[in-house]
Amino acid sequence: MNKDELITIDPEIQHGQPVFKGSRVPIEILFEYLESGDTIDEFREDFPGVTVEQIIGLLELSKIRVVA
């Protein structure tokens, strides 16, 4: 998945903060969960509208950005 398939940035949604496409869930929240030791399953319990595919896609995209 590419960035445009994963992330929406729209001033009308969460004040332009990047969110998972099709949701109002800021991607930053996923990283906050992971940094605090929570699992992807725990994140999904709180945000069931975000798919596993979106989460894995975002993490893969982040990995490419960091390594490149």
Side-chain angles (χ1 to χ4, degrees):
M1 295 181 121
N2 66 42
K3 181 181 83 100
D4 293 332
E5 295 173 311
L6 295 168
I7 300 169
T8 298
I9 300 173
D10 181 337
E12 300 293 319
I13 302 172
Q14 298 290 358
H15 307 287
Q17 190 174 18
V19 298
F20 285 96
K21 190 170 192 102
S23 80
R24 298 182 60 80
V25 180
I27 63 169
E28 178 181 5
I29 292 177
L30 171 64
F31 292 104
E32 290 172 358
Y33 267 65
L34 297 175
E35 287 171 357
S36 70
D38 292 318
T39 65
I40 290 173
D41 288 335
E42 290 168 319
F43 174 82
R44 290 213 55 243
E45 284 176 19
D46 291 339
F47 303 98
V50 178
T51 67
V52 171
E53 291 79 13
Q54 286 176 302
I55 294 168
I56 299 302
L58 179 65
L59 294 174
E60 287 292 327
L61 183 63
S62 298
K63 181 173 106 178
I64 290 168
R65 299 278 180 172
V66 170
V67 175

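The model shown is predicted, which means the values in this text are computed figures rather than measured ones. The first residue of the sequence shown is numbered 1, and numbering continues consecutively from there.
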**Prompt:** Hey, does Leu61 have a side-chain heavy atom less than 4.5 Å from the side chain of Asn2?
**Reply:** no

**Request:** First locate atom CD1 of Ile27, then atom OG of Ser62, and finally report the distance between them rounded to the nearest 0.5 Å.
**Result:** 7.0 Å

Mind listing the side-chain donor-acceptor pairs of residues 51-58 below 3.5 Å, one per line with the distance, residues two or more places apart or on another chain?
from, atom 1, to, atom 2, distance (Å)
Thr51, OG1, Gln54, N, 3.0
Thr51, OG1, Gln54, OE1, 3.4
Gln54, OE1, Thr51, N, 2.9
Gln54, NE2, Lys21, O, 2.9

**Item:** Interatomic distance, Ile29 atom CD1 to Asp46 atom CG [nearest 0.5 angstrom]
**Value:** 9.5 Å

**Message:** Could you check whether Asp38 and Ser36, counting side-chain N and O atoms only, form a donor-acceptor pair closer than 3.5 Å?
**Reply:** yes

**Asked** Is the shortest heavy-atom distance from the side chain of Val50 to the side chain of Leu30 under 4.5 Å?
**Response** no

Donor-acceptor pairs under 3.5 Å, side chain of residues 9-20 to any protein atom, not counting sequence neighbours: which ones?
from, atom 1, to, atom 2, distance (Å)
Asp10, OD1, Glu12, N, 2.8
Gln14, NE2, Arg24, O, 3.0
Gln17, NE2, Glu28, OE1, 2.9

